Amino acid sequence: MKNPYFPHVAVIRDIRDEGPGLKSFDLAFRDESVWEEFQPKPGQFVELSVFGEGEAPFGVATGAHETGQLRLSIQQVGRLTKVLHSMSPGDEVGVRGPFGNGWPLETAKGRNLIIIGGGIGMPPVRSALVTAMAEKDQYESISLYYGARSPEHITYADEVERWIASGDANIHITVDVGDESWKGHVGVITTLLEDEKASPANAVTMTCGPPIMIHFVIPTLTKLGFTDDQIIVSLEARMKCGIGKCGRCNLGAEYICLDGPVFAYDHLQAMGIKL
Ligand SMILES: Cc1cc2nc3c(=O)[nH]c(=O)nc-3n(C[C@H](O)[C@H](O)[C@H](O)COP(=O)(O)OP(=O)(O)OC[C@H]3O[C@@H](n4cnc5c(N)ncnc54)[C@H](O)[C@@H]3O)c2cc1C
């Protein structure tokens, strides 16, 4: 039996600055064959360890078609992430997973897929977006509504330019506070959804962002006519094991690590969970 606490060793291949305090890490397993069984689904997460320091959960940014390389985008907030941010290409880390259920992209096929992201919610958002864009003919349309604190906080900025240029998805971006170079939308993400008149017709929404963003996005979607079953959210919580053993991330009778992190809002409503 495989030991779920045993990490696979991965080598940091590349590190890129993505904005203030945020870096993307591209990892490859030292034993390349690990990828065959690893293959994360969009919306899943991993437990990343720095040997001798500890481990923490991070959402997978990799698309389903982007094989062999695991991309994580990590905000420096505390002890482990500070050590991670001081690491260099060639350094080794441990990876357990992938964990969680992931986005239900299959249910969005044939429909208008609306992906809503903000702040550090962007890694799972990227995984959903690039996966859907790679098979765009299977969706009625694909839209991204993305809110960043300022222009310099736009994660994956180079890719965002390419996504816009490709025309494969309708990309809508807003910043909370603009600067002299910013010609786009200014205001929190809920104003973007309202100004662009996001439509519930044959649509399914998938949202990932800070709890405060999710708290305000849901009533905005409801106001725009989306029903609870059209609202899917990815939630974060303090967690340790990632496999439903430590009991840190329970949500009612369920665990975010095991039953989530992706939940349908009508299911959360039925459980009496308020976001
Ligand atoms: C499913 C999941 C996916 C995640 N994906 C990402 C991701 O893609 N990128 C990313 O940068 N972060 C992500 N996080 C958050 C990440 O796990 C924490 O930032 C990390 O554990 C911090 O470790 P640290 O040792 O540096 O911070 P610590 O030293 O442990 O804490 C520093 C500060 O951050 C707070 N903190 C720590 N963990 C959390 C948490 N889970 N929620 C809220 N506050 C916390 C602490 O209270 C403290 O104030 C995710 C968390 C979960 C549960």
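Remember, predicted model here, so these are calculated numbers, not experimental data. Remember, it's 1-based here, ligands and their atoms both numbered in the order they're listed.
Listed by atom number, the atoms of ligand 1 under 4.0 Å from Ala56 heavy atoms are 20 (C), 21 (O). Atoms of ligand 1 found under 4.0 Å from any heavy atom of Ile120, numbered from 1 in the order shown, are 9 (N), 10 (C), 11 (O). Near Ile74, meaning under 4.0 Å from one of its heavy atoms, ligand 1 places the atoms 11 (O). Distances below 4.0 Å separate heavy atoms of Pro123 from the following atoms of ligand 1: 8 (O).
For atom 25 (O) of ligand 1, the closest non-hydrogen atom of the protein is Leu80 N, 2.9 Å. Counting only heavy atoms of the protein, atom 23 (O) of ligand 1 lies nearest to Thr81 CG2, 4.1 Å. What sits closest to atom 41 (N) of ligand 1 on the protein, heavy atoms only, is Ala237 O, 3.4 Å. The nearest protein atom to atom 47 (O) of ligand 1, hydrogens excluded, is given as Arg238 NH2, 2.5 Å; this is a heavy-atom distance. At the shortest separation from atom 19 (O) of ligand 1 among protein heavy atoms lies Val77 CG2, 3.5 Å. Scanning the protein heavy atoms around atom 29 (O) of ligand 1, the nearest turns out to be Arg79 N, 3.0 Å. Atom 31 (O) of ligand 1 has as its closest protein heavy atom Gly78 CA, 4.3 Å. Remark: minimum distance from atom 42 (N) of ligand 1 to any protein heavy atom is reached at Glu236 OE1, 4.0 Å.
There is a protein heavy atom closer than 4.0 angstrom to atom 11 (O) of ligand 1. For atom 6 (C) of ligand 1, the nearest protein heavy atom lies closer than 4.0 Å.
For the pair Ser73 and Tyr156, the minimum side-chain heavy-atom distance is below 4.5 Å. Looking at Thr220 and Phe226, their side chains never come closer than 4.5 Å, going by heavy atoms from C-beta outward. Within the 4.5 Å cutoff, side-chain heavy atoms of Trp103 are placed close to those of Ser127. Two residues are said to be in side-chain contact when any heavy atoms from C-beta on lie closer than 4.5 Å; Val46 and Pro40 fail this criterion. Counting only heavy atoms from C-beta outward, the side chains of His172 and Thr174 never approach each other to under 4.5 Å.
Atom-to-atom distance recorded for Gln230:CD and Thr205:OG1 is 7.5 Å, nearest 0.5 angstrom. Between the CD1 atom in Ile116 and the CD1 atom in Ile231 there is a gap of 8.0 Å [rounded to 0.5 Å]. One distance of note links CZ of Arg126 with SG of Cys208; it measures 14.5 Å at 0.5 Å rounding. Atom CZ of Arg13 sits about 15.5 Å away from atom CZ of Phe25, to the nearest 0.5 Å.
Both the backbone and the side chain of Gln75 come within contact range of ligand 1, each with a heavy atom under 4.0 Å. Proximity of Pro57 to ligand 1, defined as any heavy-atom pair under 4.0 Å, is shared by backbone and side chain alike.
Taking only nitrogen or oxygen atoms, main chain and side chain alike, Phe58 does not reach within less than 3.5 Å of ligand 1. Geometrically, ligand 1 and Gly59 share a nitrogen or oxygen pair separated by less than 3.5 Å. Where the criterion is an N or O separation shorter than 3.5 Å, residue side chain and backbone included, Leu235 fails it with respect to ligand 1.
Inspection of the Tyr146 and Thr155 side chains reveals an N or O donor paired with an N or O acceptor under 3.5 Å.
Using a 4.0 Å cut-off between a side-chain N of Lys or Arg and a carboxylate O of Asp or Glu, Asp14 and Arg71 do not qualify as a salt bridge.
At least one heavy atom of Ser73 sits less than 4.0 Å from an atom of ligand 1.
Counting non-hydrogen atoms of other residues, nucleotides and ligands closer than 6.0 Å to CZ of Arg248 gives a total of 12 or fewer.
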